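Just below is one structure, and these are the notes that go with it.
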Amino acid sequence: MSMTDGPRGAATALPFFVYGTLRPGASCHDAYLRAGTAHDEPGTLPGAALYDGPGYPYAVEVPGPGRIQGELVTALDSDYPGLLVSLDELEEYHGPGDPGNEYERVIRDVHRADGSTTPAWVYLAAPSVADGLRRDGTRLAGSDWLAHTALTGGQPEPTGAA
């Protein structure tokens with residue numbers, strides 16, 4: 001599935017796929033997700049790779065077998081609208097295709113641990129950001145940001161391929 005959403009803060013209520021600082025145990029989880037989360041479970045985003053950012057990762061779509069490990073987070077129904085706005089602000093998402101976006105909020109199919117898939121909101125690097133990362137960025141060797149930061153203290157481990 002490859003779709004974008006409507007105006008900022010207005011969207012279909014889907015789980016969020018989080019892969020960096022919003023994951024349980026990471027720096028932004030408690031501030032943004034802890035109180036408003038009904039459920040979370042492991043998930044994998046196919047067709048994407050992690051690139052190193054200034055203290056947080058970027059997910060960039062790539063051809064071939066790339067994948068990113070993270071969590072599918074289901075928000076409480078009562079908290080969903082406010083959570084969506086808060087996450088859009090955190091991720092510097094201003095609306096579909098806005099040139100000021102740091103990330104684009106898009107719908108992608110995410111694989112669950114049981115092998116099933118579900119559509120989820122994913123914040124991917126905005127096109128201009130993704131182009132720069134592919135050209136000059138550091139693609140991380142692994143698919144799990146938490147494992148990367150545990151091993152390196154957040155310092156990049158380049159793969160040699162950007």
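Please read all numbers here as calculations on a predicted model, not as lab measurements.
Applying the salt bridge (charged side-chain N to carboxylate O under 4.0 Å, His left out) definition to pairs two or more places apart or across chains, none involves residues 117-127. For residues 37-48, the side chain to side chain donor-acceptor pair (under 3.5 Å) pairs, not counting sequence neighbours, are Glu41-Arg112.
Counting heavy atoms of neighbouring residues, nucleotides and ligands inside a 6.0 Å radius, atom CG of Asp77 does not exceed 12 of them.
One finds the OG1 atom of Thr149 at 10.5 Å from the CG atom of Asp52 (value rounded to the nearest 0.5 Å). Atoms CG and CH2, from Asp88 and Trp121 in turn, are 9.0 Å apart once rounded to the nearest 0.5 Å. Note that CG of Leu84 is 4.0 Å distant from CZ of Arg105, once rounded to the nearest 0.5 Å. To the nearest 0.5 Å, the span separating CD1 on Ile68 from CG on Leu50 amounts to 4.0 Å.
A heavy-atom distance below 4.5 Å is not found between the side chains of Val73 and Pro15. Taking the side chain as every heavy atom from C-beta outward, His111 and Arg67 never approach each other to under 4.5 Å. A 4.5 Å side-chain heavy-atom check between Arg139 and Val60 finds every atom pair outside the cut-off. Put simply, the side chain of Tyr93 does not reach to within 4.5 Å of the side chain of Glu102, judged on heavy atoms.
When atom types are taken as modelled, the side chain of Glu92 and the backbone of Tyr103 share no donor-acceptor pair closer than 3.5 angstrom.
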Under 3.5 Å, which donor-acceptor pairs link side chains of residues 16-26 to any protein atom two or more places apart or in another chain?
from: Tyr19; atom 1: OH; to: Ala59; atom 2: N; distance (Å): 3.3
from: Tyr19; atom 1: OH; to: Tyr123; atom 2: O; distance (Å): 2.6
from: Arg23; atom 1: NE; to: Glu71; atom 2: OE1; distance (Å): 2.6
from: Arg23; atom 1: NH1; to: Asp144; atom 2: OD1; distance (Å): 2.8
from: Arg23; atom 1: NH2; to: Glu71; atom 2: OE1; distance (Å): 3.4

